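The structure appears right after this line, and notes come after that.
Not measured: the values here are computed from a predicted model.
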Amino acid sequence: MQEVSHQLRCVGCSAVILPDSVEKDFRCVDCGELLEVEYPSWSAAGAPIPALATGPRRAPNPGALRWLWHERLQSKLPIDQSGVWRFRELLPILLHPEKAVTLREGNTPLYQLLQCAEELGLEQLYAKHQGLNPTGSFKDTGMTAALSQARERGFQWVACASTGNTSAAMAAYASRARMNSLVLLPESKISWSKLSQALDYGAITCQLNTDFDGCVRVLAEVVRRAPVYLLNSVNPYRLEGQKTPALEIAEQFEWQIPDHVIVPGGNLANSSALGKGFIEMMHLGLSTKVPKITVVQAEGANPLYTSLLHHGGQEIQPVQANTRATAIRIGNPASWRKAARVIQQTGGYCEQVSEAEIALAKAEIGQEGIGCEPASAVTLAGLKKLMRDGRIHRAESVVLLLTGHTLKDSEFTIDFHRGTLLREEETAGLEREISKRRRATLSLEASADAVLRALEAAIEA
C-alpha cells in the first residue's frame, strides 16, 4: 500500500475528482461543497474510477498492520517516529512518503482523569492530549500531511487564515521545509501566545480588520490570484493527518474502542477527521465498532448545535462568534456538513456550554496536573451535561480530545484565578464551584512566619 492510490470525492454531490484536477480552494466545481480523500483499493466509500482502478480491491491485513505500527515505535527514522506517518499505510497520499515534512508529531499520551471521573461518578474517563504536539496543538497532525503534499507538488508558498493554532503549526512546518508562509489573523480577540509562534517561525503575518470568517474570505481571493497553497481545514489532506489520533486511541486501548469520544467544535474538521479514522478502522477489520462522536461548542459560537437542533444538520446559519475560547471562535464553520454527518453516523451528540462552564472545566482539568487551552475544556463541560441528561452512563468509557496546550492562552488562566475573567451574571449558579478552583497569588511580607500562616490557612480551608 505504499503507492499513491487516492481520489477525492465531494461530500455534497459525490462527484469524484482526480488529485491533479482539484481546484485551489478544494471545493467541488459542480456544487461548491468540500472534498474528502478516499482510497479506491480499500476505502469504505471507494468506488474506483477508471484512472485508478488498476485491479481488485486490496484490503490490508489488520494483524500485520498492528504489528508493523507497533514495531515502528522502536525505529530511529524520522518518518517512523511521527505519530502520523507511522500509520502511513492508511494515508498513502505522497509519492515519496520518506520525504514527508515532520517534527515527530503525534504519539501523544492518553491520560486517565481520575479526579474528574470520581466527581462525575464515571468509571473510565480519559484525555487524549493533542496539546502535547510540537507546536502545542492538534493542528500539527494535519499540517504534516497537507504541507508535505504542498511541497511534493512544487509549491513555495503556503497560507492560512487562523485564530492562532493553525498559523503556529503551518509556520513551523513551512520553516522546517524551507518554504514561505502567509498568515491572515483577525485584528482582535486572538491569543498573543499563538501569534508569537507564527512570528517566531518566520511567517508573513497580516492582521485584518475583520473576524476569522472575514479572513477566510480574503484568503480565498488571494489563493485564486497567486501561486499559494491553501492550508486551512478545507484542505482534505489536513484531515488525513488529523484522523491518526483515532488510530492512536485504538492502539492505546489495545484495539478496544471507547464508547464515546468528545471533541471541541470550531471549524469542525477535527471531529469529521476522527470519525473518518474510526470508520476506516472498522471497515478494515482493525476494530469492531466506532465510538459515538460528540461535538461541543461554546454558546457564543454554536452554529452546528443550532443546525442539528432546528434543521437536522441539513443547513446552517452562520453566527457572530463570541467566546473567550479563541480556538473555537468561529461563526461560519467550513466543515459543518462533514461534522453533522459523522455525529449522525456514529450516534453521537452536539452540545453547547457557557463561558463559566468552560472556565470551570478548564480549572478542573488543570487540577489533574494536565492542563489545556480553553477550547479543549468544552469537552469536560459538555460531558457533565450529557451525563446529567442520561446520554452518557457511568459504566461507559469516555475520551476527551484536548486540542491545545495550557500555555496557548495563559491570559485566560491568569484572569480566571484573579477573578477578573467572568462577569458576575456569567457565574450565576456556579459561584461555589468556581471559587473552590481559583488559586490567586498571595502578596506577603518576606518572612517565614507570613508564609507559614498562609500555609496554615490553606490547610484549614
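Note that CZ of F412 is 9.5 Å distant from OG1 of T326, once rounded to the nearest 0.5 Å. To the nearest 0.5 Å, the span separating CD on E364 from CG on L113 amounts to 10.5 Å.
Remark: R27 CZ is packed, more than 12 non-hydrogen atoms of other residues, nucleotides or ligands lying under 6.0 Å away. The neighbour count for K99 NZ, taken as heavy atoms of other residues, nucleotides or ligands under 6.0 Å away, does not exceed 12. Other residues, nucleotides and ligands place no more than 12 heavy atoms under 6.0 Å from the CH2 atom of W67.
Residues that satisfy the ring pair (Phe, Tyr, Trp, His ring centres under 6.0 Å) test with Y111, not counting sequence neighbours, are absent from this structure. Applying the ring pair (Phe, Tyr, Trp, His ring centres under 6.0 Å) test to Y237 and every residue at least two apart in sequence or in another chain returns H6.
Between Y173 and P134, the closest side-chain pair of non-hydrogen atoms falls below 4.5 Å. Side-chain contact between T141 and Q242: present, with at least one pair of heavy atoms (C-beta onward) separated by less than 4.5 Å. Using a 4.5 Å heavy-atom threshold, the side chains of N165 and E373 count as touching. Looking at Q320 and D211, their side chains come closer than 4.5 Å, going by heavy atoms from C-beta outward.
Side-chain contact annotation: Q7 with E38, donor-acceptor N/O pair under 3.5 Å present. Using a 3.5 Å distance cut-off with no hydrogens or angles, the side chains of W69 and E89 do pair a donor with an acceptor. A donor atom on one side chain and an acceptor atom on the other are not found under 3.5 Å apart for W336 and S307.
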Stepwise ring-ring contact (aromatic ring centres under 6.0 Å, His included) check, F253 with Y126 | CA-CA 11 Å; F253 271 84; Y126 302 86; 5.0 Å; yes
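Aromatic rings from Y229 and F26 are positioned such that their centres are separated by under 6.0 Å.
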